[in-house]
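One structure is given below, encoded as structure tokens.
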Amino acid sequence: MSEANAVLEVVGLTRTYQSRAGVTEALRGLTFTIKRGEFVAIMGPSGSGKSTLMNILGCLDRPSKGLYLFEGVDIRSYDDDELADIRATRIGFIFQAFNLLPRTTVLRNVMLPLSFTHCPQHEWEARARKALHAVDLQEYLYGHRSNELSGGQMQRVAIARALVNDPALILADEPTGNLDTATGAVILATLTQLHERGRTIVLITHDPEVARRADRILHIRDGLLERTPHTGVFSPADSSTRGETASGSAAYSGVSLPAVASVALSA
Amino acid sequence: MMALRYLLNETWLSLSANKIRSALTILGIVIGIASVIAMTSLISSMEDLLMRELGLYQARMVQIHSTEPMSLEDAQAIEGAFPDYESVGSLMIVTAQVSSQTESLNTQVFGVTDNYAYIQNIDIEQGRFLIEADGTQALQVAVVGKGILRDLYGSEDAQVLGETLRVGPKGEEYTIVGVIKGNGTSRNYNRVLVPLDTLHVRLAGTRTVDTVFALAREDVDTVDLSRRTQSYMTRTLEHPSDTVYVYSMQEMMDQLDLIVTSFSFMLSAIAVIALFVGGIGIMNMMLTTVSERRREIGLRKSLGAHTSTITRQFLLEAVTLSLVGGILGIFLGLAVAVVLGLTARSLGIDMPVAPEVGIESILIAVAICVAIGIAFGFYPARHAAKLDPVESLRYQ
């Protein structure tokens, strides 16, 4: 039975891959819930399974075992076209490499997800403009090709594209990974504003500075989810602090996180 | 489902992103369609020309030749034996010197019966054709082709009615009473026609005929009639069978049809090869495009594109390429046909300059282009649609 306010729930989520080297378990029995309006960061070292998890949460991939409920519905009940419809209407993606169509204008890039829905074509431009306005992109850029923009501008266009269908969930994969610090901060501020307006955001990052913007951090290591305090943050002064892990092994280490006030969970 | 207008716009953006590659890709289609259109037009014009110049439009005509001389009585016997013939005439040919006041040449002089023009479907440009009285009185009158005017009077349009021609070794005077319409390679262009009786008396010294020509009545099976006439000539009139040749224009038309069909078939085969090569080119380009845009395909799928949407997008690009190639090919083919017509005209061949290409040919060409686009675009489109979005997004 799913939680009433949950956007997504995973129970015992497992993903295995068959290769010449044998069977690889990218995810091993993950269980967690993300509520509506939460801002959750997923952190982990390279190869920990972050991207695999992101792909499953974004309905780009299916779990090998376990349950994934998206807005209360088991995604195993959907066929490929239905999953595509969910991606088009309920999920917004933000990629590290922006993934804009380079020779296409800003406006048309943002309209692209609308072309995969039943939204009437005469509404597309208005909705795209509204989404671009929400990310504070200057209007004179709307007619520019996306390859004429700066990195920060491109990522804002990508965020607008993710918003245009008013999705239930925004998935951001290292949204500041290809940006300098200053520009990255601007993007983070944009995401934070969206969260403050009620958006549910799940974000993958290596960067603890980015992660601390979130309500909660999910630490993944070797395909396992490590339990952390609700604040999701360790005090750097307490070097002996270890979070609980699902398997009892040591918590994620190697990163010093600044001390911050506890963050209340979103309702 | 992606709106059609948006899809067409996306298609145009994709194809115009690399205009040179798109242009080279459709070259095979352009050449294939252009060659079909040009050759179809040329064959049609040539067929028309041959029909006209061989008199094949006179489908009811039957001609009787013999390597041994025939007589006027043979012609009369044939006319009497076969009521299926509406009219029967005769001709004899001699070569003689023909002179005006200033020029002279050796040419064929035809002695013909007065029904020659009717049976052979000849039009007169100036004056009149020979009449019965010209023959019965063995008058020294002549009807000439425009080539004679050009050679003896300096111009095809010379006004020569009433002028005198000297014909034959004795230089006997003939009055020109008519000029035959027709130019270039028209059969009668360089001919001088005189009454058969006059030729017999004045030039030939004999009353034999070289050819008997007859016009069958409407709705008569001329092929069967010519066979019966052949049989009559050999059995009744006792001409050796290996010296008599009787054939109808219908038989010649059938032969011409067969030749034209063979040419058309050969051209179609060449065109099919060219279009096949063109289609392979489209498939090759589309596969390259899919590979280059793999990341974009992954993006589209991640944003919600169905497999069918991706298939449709790339199929439309292939069909658009093929259709553009076809349309350009049609225009190029028409231009080539015009150039061929002008070239033929400059060589004195009386062919129409405007290409004879029906709307059906154009519609068929368009349909073929669409079919090629679908046939050769399908595999790349399905390949694109089946790409895994996760792997595709990682593609560099």
Side-chain angles (χ1 to χ4, degrees), chain A residues 15 17 26 51-56 58-62 79-105 108-125 145-147 158 161-162 164-165 167 171 173, chain B residues 1-22 285 288-317 320 381-396:
Chain A
R15 184 66 170 99
Y17 295 100
S51 295
T52 304
L53 177 61
M54 186 68 103
N55 290 333
I56 291 174
C59 298
L60 285 168
D61 194 9
R62 293 177 186 268
D79 62 25
D80 287 348
D81 282 351
E82 286 166 330
L83 286 179
D85 289 337
I86 288 176
R87 292 197 298 271
T89 58
R90 308 305 295 151
I91 299 173
F93 286 91
I94 303 168
F95 302 96
Q96 179 178 356
F98 323 131
N99 282 341
L100 299 177
L101 301 179
R103 287 177 296 267
T104 304
T105 64
R108 287 185 69 87
N109 263 289
V110 177
M111 288 196 291
L112 183 59
L114 293 166
S115 67
F116 304 131
T117 68
H118 295 291
C119 177
Q121 193 173 357
H122 62 85
E123 290 180 22
W124 291 4
E125 185 170 335
R145 292 184 179 179
S146 60
N147 60 3
R161 183 182 63 192
V164 76
N165 273 328
L171 292 173
D173 183 358
Chain B
M1 176 170 136
M2 193 183 278
L4 181 62
R5 194 157 46 103
Y6 185 83
L7 185 59
L8 288 172
N9 203 272
E10 291 270 286
T11 300
W12 175 248
L13 284 172
S14 299
L15 294 177
S16 60
N18 197 328
K19 292 188 180 67
I20 293 175
R21 184 169 71 180
S22 299
M285 182 197 154
T288 303
T289 298
V290 167
S291 179
E292 288 175 351
R293 291 161 62 188
R294 194 166 170 176
R295 206 180 166 96
E296 177 192 325
I297 293 166
L299 170 69
R300 287 176 185 269
K301 290 191 123 184
S302 71
L303 295 180
H306 289 195
T307 300
S308 58
T309 306
I310 303 292
T311 303
R312 200 162 34 239
Q313 178 186 352
F314 283 90
L315 208 52
L316 185 60
E317 289 183 20
T320 302
R382 286 302 291 172
H383 176 61
K386 287 185 176 173
L387 289 174
D388 177 63
V390 173
E391 292 299 321
S392 299
L393 282 169
R394 287 203 203 114
Y395 188 73
Q396 294 298 330

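Convention: sequence-line order gives letters A, B, ...; per-chain numbering from 1. Worth saying up front: this structure is predicted, and the values here are computed from it rather than measured.
Contact annotation for A:D81: both backbone and side-chain heavy atoms come within less than 4.5 Å of a heavy atom of chain B.
A 4.5 Å side-chain heavy-atom check between B:R21 and B:T289 finds at least one atom pair inside the cut-off. Between A:R161 and A:L100, the closest side-chain pair of non-hydrogen atoms falls below 4.5 Å.
Taken from OG1 in A:T104 to CG in A:N147, the straight-line distance is 9.0 Å, to the nearest 0.5 Å.
Taking chain B as the reference chain and counting heavy-atom pairs below 4.5 Å, the highest number among A:P120, A:A97, A:A88 is found for A:A88. Heavy-atom pairs under 4.5 Å with chain A were tallied for B:R295, B:R293, B:H306, B:K301; the largest tally goes to B:H306.
A salt bridge links A:D80 with A:R62; the closest basic N to acidic carboxylate O contact falls under 4.0 Å.
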